2 protein chains.
Amino acid sequence: MKKSLKTTEHLALLKTLYSLRVGAGLRQSDLAKLIDEPQSFVSKVEQGERRLDIIELRVIVKALGTSLEHFIKEFEKNINETK
Amino acid sequence: MKKSLKTTEHLALLKTLYSLRVGAGLRQSDLAKLIDEPQSFVSKVEQGERRLDIIELRVIVKALGTSLEHFIKEFEKNINETK
DNA sequence: AAAAGAATATCCCATAATAGGATATTAACA
DNA sequence: TGTTAATATCCTATTATGGGATATTCTTTT
């Protein structure tokens with residue numbers, strides 16, 4: 001399965017993640033600290049350079065104060081808005 | 001972020017995926033065909049040998065006739081039942 | 001507008017993960 | 001038990017990732 005980068009879905013994912021972080025008033029280094037990763041990790045994720053499996057996404061989303069379920073809803077919403 | 005294998009979350013994920021496929025009455029090769037991947041891919045996924053990002057998970061879950069949102073609910077349910 | 005500071009992106013490359021056809025195992029059952 | 005169906009494992013060339021250091025870009029401040 002090819003690295004699903006730059007597809008509508010992937011762009012929507014990045015957008016959803018970014019909005020959530022910024023909406024939480026955190027900078028990459030803040031989130032990084034919360035999940036015990038370097039800032040470059042967060043940057044790569046937001047850049048689509050690094051992919052996240054659901055478990056990882058769950059950790060991040062929770063660190064940002066949301067549930068995975070809610071995140072997915074936002075994600076789907078963004079997919080529809082984009083296409 | 002380490003390969004989240006064999007954690008409660010990961011086991012719950014595999015369980016959720018497996019149940020969904022079997023529940024749909026499909027064998028690995030059937031699902032494989034639906035998502036245009038070899039049978040070994042599906043096996044690896046179910047074995048926890050291959051991780052899925054949300055985009056990929058979404059494709060699979062849809063091929064199995066479910067929404068990502070519903071899948072996540074089942075997933076969370078399984079996490080709680082396991083721990 | 002330029003300097004200073006803050007936030008984010010990119011580099012590098014050793015290490016780890018993945019692809020996928022072929023083959024081995026295990027399960028089902030006549 | 002022999003046979004077929006279903007799933008797991010092998011192998012290794014290719015691709016992805018880790019993460020500290022550094023470069024870039026964005027914001028302020030004066």
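Treat the numbers as computed from the prediction; the structure is a model and nothing was measured.
- In this model, the phosphate group of C:dT8 is approached by a side-chain N or O of A:Arg21 to a distance below 4.0 Å at OP1 or OP2.
- A 4.5 Å side-chain heavy-atom check between B:Asp53 and A:Leu52 finds every atom pair outside the cut-off.
- A heavy-atom distance below 4.5 Å is not found between the side chains of A:Ile72 and B:Phe71.
- Between the two ends of the helix from C:dA1-D:dT30 to C:dA30-D:dT1, each summarised by a five-pair axis, the helix axis turns through 40° (rounded to 10 degrees).
- Regarding B:Glu37, its CD atom lies at a distance of 17 Å from the C1' atom of D:dT7, rounded to whole Å.
- Two residues are said to be in side-chain contact when any heavy atoms from C-beta on lie closer than 4.5 Å; B:His10 and B:Leu14 meet this criterion.
- Rounded to whole Å, the distance from CG on A:Asp53 to P on C:dT18 is 9 Å.
- Scanning all heavy atoms of the two residues, the minimum distance from B:Leu34 to B:Ala63 falls at CD1-O, 3.7 Å.
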Can you name the atoms? Protein N/O to nucleotides 21-27 of chain D N/O, anything below 3.5 Å, with the distance.
none

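- Of all the residues in residues 23-32 of chain B, B:Arg27, B:Gln28 reach under 4.0 Å from DNA chain D with at least one non-hydrogen atom.
- Of the residues B:Arg27, B:Lys33, B:Gln28, the one that meets the side chain to side chain donor-acceptor pair (under 3.5 Å) test with B:Gln39 is B:Gln28.
- The side chain of B:Ser43 places an N or O atom within less than 4.0 Å of a non-bridging phosphate oxygen (OP1 or OP2) of D:dA8.
- Distance CG (A:Leu14) to C1' (C:dT8): 15 Å, rounded to an integer number of Å.
- Of all heavy-atom pairs spanning B:Thr16 and B:Phe75, the tightest one is OG1-CA, 3.6 Å.
- For A:Lys73 and A:Glu76, the salt-bridge test fails: no basic side-chain N is under 4.0 Å from an acidic carboxylate O.
- A 4.5 Å side-chain heavy-atom check between B:Arg51 and A:Glu56 finds at least one atom pair inside the cut-off.
- In this structure, A:Glu46 atom CD and C:dA7 atom C1' are separated by 11 Å, rounded to whole Å.
- Looking at heavy atoms from C-beta onward, A:Arg21 lies in side-chain contact with A:Leu64 at the 4.5 angstrom threshold.
- No side-chain heavy atom of A:Ile79 sits under 4.5 Å from any side-chain heavy atom of A:Leu11.
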